[in-house]
Trainee: 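Structure provided below as structure tokens; questions to follow.
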Amino acid sequence: MRMAPPKVLNVQTKQSNTNVTNGRKRITTRSQNAGMNNVLQKAPVTKESRVKRKADASPQKEKTAKRSALGNITNAIGKTLGAHQTHEPKKVIKKATTTTTTQIKPFTQTSSIRTLDKGISKPEVVPQKPKPVPRVKPVKKDDDKIEIPTKIVNVRRSLDLEKSDDSSLYVSALDDVGDVSRKGRKSSVQPEEAEKSEIKSAVIEIQEPVKTEAKVETAKLDAPPERVLPGGVEWDFDVENWLDPFQVSHYAMDIFNYLKDRESLFPIGDYMEKQVCLSRWMRALLIDWMVEVQESFELNHETLYLAVKLVDLYLTKITVGKETLQLLGAASLFIASKYDERIPPMIDDFLYICDGAYSQRELIRMEISVLKVIDFDLGIPLSYRFLRRYARCAKVSMPTLTLARYILEYSLMDYSTIMFSDSKMAAAALLLALQMKDLGGWTSTLEYYSGYKVDDIRNIVHVLNQGLHRKHKEALTTVRNKYSHKIFFEVAKLPLKDTLDI
């Protein structure tokens with residue numbers, strides 16, 4: 001192992017080095033001596049200078065961001081300003097020397113000022129005089145005084161600037177003013193009463209045409225249309241709510257007619273014969289589970305109806321096994337919640353309610369498959385939306401509407417109703433609810449707004465009534481228990497009708 005040299009040897013080497021340098025200093029000249037000093041001093045100085053240069057020259061983070069954001073604009077401005085400041089006084093000096101003096105003196109600050117004072121009568125750059133500010137008194141926010149808006153101040157300023165002098169050949173239309181206003185303009189202090197009257201007149205002149213035009217336009221828009229209703233229709237619901245923006249009375253009739261036309265784009269056939277592994281009971285069990293998920297997550301009813309539609313449309317075109325049926329229901333709810341909900345549940349929530357039977361990748365793959373089958377068209381007409389429209393137009397009470405909702409939601413589990421159109425299903429559910437409440441039959445008002453007569457929906461009403469009388473197993477009690485609550489007026493406990501008066 002190597003040993004460190006002793007301290008005595010280190011001291012001796014240091015002394016010998018100093019002696020050698022001292023001897024060199026005696027022999028070398030002054031110029032060589034200065035060069036040696038510079039060489040010896042560069043090593044420590046350069047390290048400090050590099051650190052300082054890096055510290056002084058490196059800009060702050062905020063400044064670099066601003067420079068990069070502004071780009072070359074700031075650099076261009078700096079260059080033009082610098083060139084203007086350096087080159088302009090030199091040109092002025094040359095002109096002054098040619099006119100006044102023959103000798104060219106060196107450029108100094110005092111000499112340039114003197115030559116400018118003596119030789120130049122008109123400077124090249126004349127500072128612009130500020131425009132005279134119109135005499136407008138600052139008004140305090142008191143009860144007696146009136147505040148001057150900025151728009152009126154700008155109007156008065158433009159009026160003063162547009163008026164021409166007496167010596168000009170062109171006279172503007174603003175010069176035809178009385179002597180009183182001219183005297184008031186020339187006088188240093190203007191009386192407050194005259195100023196208030198001028199401000200009021202200017203405000204009235206500006207606001208009157210705007211108000212009249214706005215009133216005419218609003219009157220045209222607010223005026224409800226004059227419609228000729230068919231005989232027996234009690235009221236025009238859209239005209240009564242013409243000014244309510246939430247009812248959208250201007251377009252409501254067109255919207256629901258458009259939804260009726262779109263029903264033909266989503267046909268659902270008898271697909272259970274193609275599904276070898278499934279049965280009607282399994283489909284009813286799946287929809288009962290979906291209703292439970294909708295209730296536990298507190299989702300909208302439109303989300304549930306759209307998810308059931310997605311399940312039926314998918315099963316119409318693709319064969320599904322027993323193991324993937326629940327995955328199809330979860331993926332359909334996941335898509336419908338993202339379409340209808342303001343804050344949809346997360347994907348982990350749907351995996352949790354499936355009790356870990358599927359992975360995240362499987363759920364996403366099923367979601368993609370469902371969207372491809374329906375061609376990414378989620379604007380499917382739903383029976384729940386039609387039911388709300390019909391009930392509003394007929395001015396049905398909330399317990400009756402809730403009973404119709406119960407009938408319609410209970411029919412989701414019934415496989416025999418999948419081939420009916422949604423608008424007819426909504427009309428039939430409302431008619432059955434009116435019959436169960438003994439509130440009469442299908443009125444001409446409902447016929448006008450729904451577009452269906454009793455003959456169009458009679459067979460559907462009988463199918464719905466038979467579905468209510470059918471006793472399901474204990475596994476399918478979610479909908480009945482849901483509408484047996486006080487929140488839903490306990491409509492599931494109402495007695496059923498054996499015979500219907502339709």
Side-chain angles (χ1 to χ4, degrees), residues 224 229-249 252-253 255-256 259 291 294-295 298-305 381-412 417 422-454 456-458 460-465 467-469 479-502:
L229 299 175
V233 180
E234 299 178 2
W235 51 74
D236 195 339
F237 180 77
D238 293 328
V239 171
E240 289 178 0
N241 299 278
W242 193 257
L243 300 178
D244 188 0
F246 297 104
Q247 299 291 337
V248 201
S249 300
M253 208 73 176
I255 289 170
F256 283 95
L259 290 174
V291 172
Q294 180 261 333
E295 193 177 7
E298 296 181 358
L299 303 175
N300 297 326
H301 286 86
E302 292 87 346
T303 305
L304 174 65
Y305 281 79
L382 303 176
S383 57
Y384 187 82
R385 299 185 192 276
F386 286 106
L387 177 61
R388 292 177 66 183
R389 167 70 176 172
Y390 301 158
R392 282 179 179 176
C393 293
K395 297 181 181 179
V396 175
S397 63
M398 196 63 195
T400 308
L401 174 59
T402 308
L403 178 59
R405 286 169 54 187
Y406 164 65
I407 297 168
L408 198 62
E409 192 168 332
Y410 198 78
S411 69
L412 291 176
T417 61
D422 286 70
S423 55
K424 287 183 178 180
M425 285 288 295
L430 184 57
L431 178 56
L432 182 57
L434 292 173
Q435 288 284 311
M436 291 175 66
K437 285 271 191 178
D438 296 327
L439 296 174
W442 198 247
T443 62
S444 55
T445 305
L446 284 169
E447 184 180 337
Y448 170 70
Y449 284 106
S450 65
Y452 297 118
K453 297 180 181 179
V454 180
D456 299 330
I457 57 175
R458 183 180 283 111
I460 304 175
V461 174
H462 286 297
V463 171
L464 293 177
N465 193 26
L468 292 175
H469 281 85
V479 178
R480 192 181 296 274
N481 294 334
K482 175 183 175 181
Y483 284 92
S484 298
H485 201 271
K486 291 182 180 179
I487 297 174
F488 297 104
F489 304 101
E490 298 179 354
V491 293
K493 297 179 181 179
L494 291 175
L496 302 177
K497 289 277 186 180
D498 294 328
T499 56
L500 299 175
D501 187 14
I502 53 172

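Given the structure is predicted, the values throughout are model-derived calculations rather than measurements.
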Trainee: Please list, chain by chain and in numerical order, all residues satisfying salt bridge (Lys or Arg N to Asp or Glu O under 4.0 Å) with D236, sequence neighbours excluded.
Mentor: R227
Trainee: Between Y410 and R480, does a side chain to side chain contact (heavy atoms under 4.5 Å, CB included) hold up when you go through it step by step?
Mentor: CA-CA 8 Å; Y410 198 78; R480 192 181 296 274; 3.1 Å; yes
Trainee: Any idea how F488 and H301 line up, ring-wise: parallel (<30°), tilted (30 to 60°), or perpendicular (>60°)?
Mentor: perpendicular
Trainee: With a 4.5 Å limit on heavy-atom distance, are the side chains of W442 and I502 in contact?
Mentor: no
Trainee: Is H469 reaching over with its side chain to a backbone N or O of N465, donor-acceptor style, under 3.5 angstrom?
Mentor: yes
Trainee: Can you name the one residue among V461, V454, D456 that meets side-chain contact (heavy atoms from CB on, under 4.5 Å) with R458?
Mentor: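 When V461, V454, D456 are each tested with R458, the side-chain contact (heavy atoms from CB on, under 4.5 Å) holds only for V454.
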Trainee: Which heavy atom in L500 sits nearest to a heavy atom in K497, and how many Å separate them?
Mentor: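 Looks like CD2-CB, 3.7 Å.
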Trainee: Can S423 and Y452 be counted as having a side-chain donor-acceptor contact under 3.5 angstrom?
Mentor: yes
Trainee: Would you indicate whether the side-chain heavy atoms of M398 and L401 approach each other to under 4.5 Å?
Mentor: yes
Trainee: Indicate the atoms forming the closest heavy-atom contact of L434 with G440, along with that distance.
Mentor: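 Scanning both residues completely, I find the closest heavy atoms to be CB-O, 3.7 Å.
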Trainee: Counting neighbours of NZ on K395 that are heavy atoms of other residues, nucleotides or ligands and sit closer than 6.0 Å, is the number greater than 12?
Mentor: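 Check passes, neighbour count above 12.
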Trainee: So, does E302 use its side chain to make a donor-acceptor pair with the main chain of Y384 at under 3.5 Å?
Mentor: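 Looks like no, no N/O pair under 3.5 Å.
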Trainee: Looking at every heavy atom in both S444 and V233, which two are closest together, and how far apart are they?
Mentor: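 Minimum heavy-atom contact is OG-N, 3.5 Å.
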Trainee: Are the side chains of K437 and S397 in touch, meaning some heavy atoms are under 4.5 Å apart?
Mentor: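 K437 does not reach S397 side chain to side chain.
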Trainee: For the backbone of G441 and the side chain of D501, can you confirm whether one donor and one acceptor N or O come within less than 3.5 Å of each other?
Mentor: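 The answer is no, because no donor-acceptor pair under 3.5 Å joins these two groups.
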Trainee: Is the F237 ring parallel, tilted or perpendicular to the Y449 ring (thresholds 30°, 60°)?
Mentor: perpendicular
Trainee: For Q294 and T303, run side chain to side chain contact (heavy atoms under 4.5 Å, CB included): C-alpha distance rounded to whole Å, both residues' side-chain angles, the deciding distance at 0.1 Å, then the answer.
Mentor: CA-CA 8 Å; Q294 180 261 333; T303 305; 5.8 Å; no
Trainee: For the CG atom of L382 and the CG atom of L387, what is their distance to the nearest 0.5 Å?
Mentor: 12.0 Å
Trainee: Please test Y483 against L494 for side chain to side chain contact (heavy atoms under 4.5 Å, CB included), starting from the C-alpha separation and ending with a verdict.
Mentor: CA-CA 11 Å; Y483 284 92; L494 291 175; over 6 Å; no
Trainee: If you round to the nearest 0.5 Å, how far is CG of D244 from CG of D238?
Mentor: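 Between D238 CG and D244 CG, I get 11.0 Å after rounding to 0.5 Å.
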Trainee: Go through it in stages, so that I can follow the logic: the residues are L412 and L304, the test is side chain to side chain contact (heavy atoms under 4.5 Å, CB included), and I'd like the CA-CA distance, side-chain angles, deciding distance and then a yes or no.
Mentor: CA-CA 10 Å; L412 291 176; L304 174 65; 4.2 Å; yes
Trainee: Output the distance between atom CD1 (I407) and atom OG1 (T402), rounded to the nearest 0.5 Å.
Mentor: 11.0 Å
Trainee: Considering non-hydrogen atoms only, spot the tightest contact between L464 and M425 and give its length.
Mentor: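 Where L464 meets M425 most closely, the heavy atoms are CD2-CE, 3.9 Å.
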Trainee: If you round to the nearest 0.5 Å, how far is CZ of R405 from NZ of K482?
Mentor: 7.5 Å
Trainee: Between A426 and S383, what is the shortest heavy-atom contact and its length?
Mentor: CB-O, 3.4 Å
Trainee: Just by modelled atom types, is the E409 backbone N or O under 3.5 Å from a matching donor or acceptor in the Y305 side chain?
Mentor: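 Such a contact is found between Y305 side chain and E409 backbone.
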Trainee: Write down the atom of P495, the atom of M436, and the distance for their closest heavy-atom approach.
Mentor: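 Scanning both residues completely, I find the closest heavy atoms to be O-CE, 3.8 Å.
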Trainee: Enter the distance from L430:CG to L408:CG here, rounded to the nearest 0.5 Å.
Mentor: 10.0 Å
Trainee: Distance check, rounded to the nearest 0.5 Å: I457 atom CD1 versus H462 atom NE2?
Mentor: 10.5 Å
Trainee: Kindly say whether E234 contributes a backbone atom to a donor-acceptor pair with the side chain of T445 at under 3.5 angstrom?
Mentor: yes
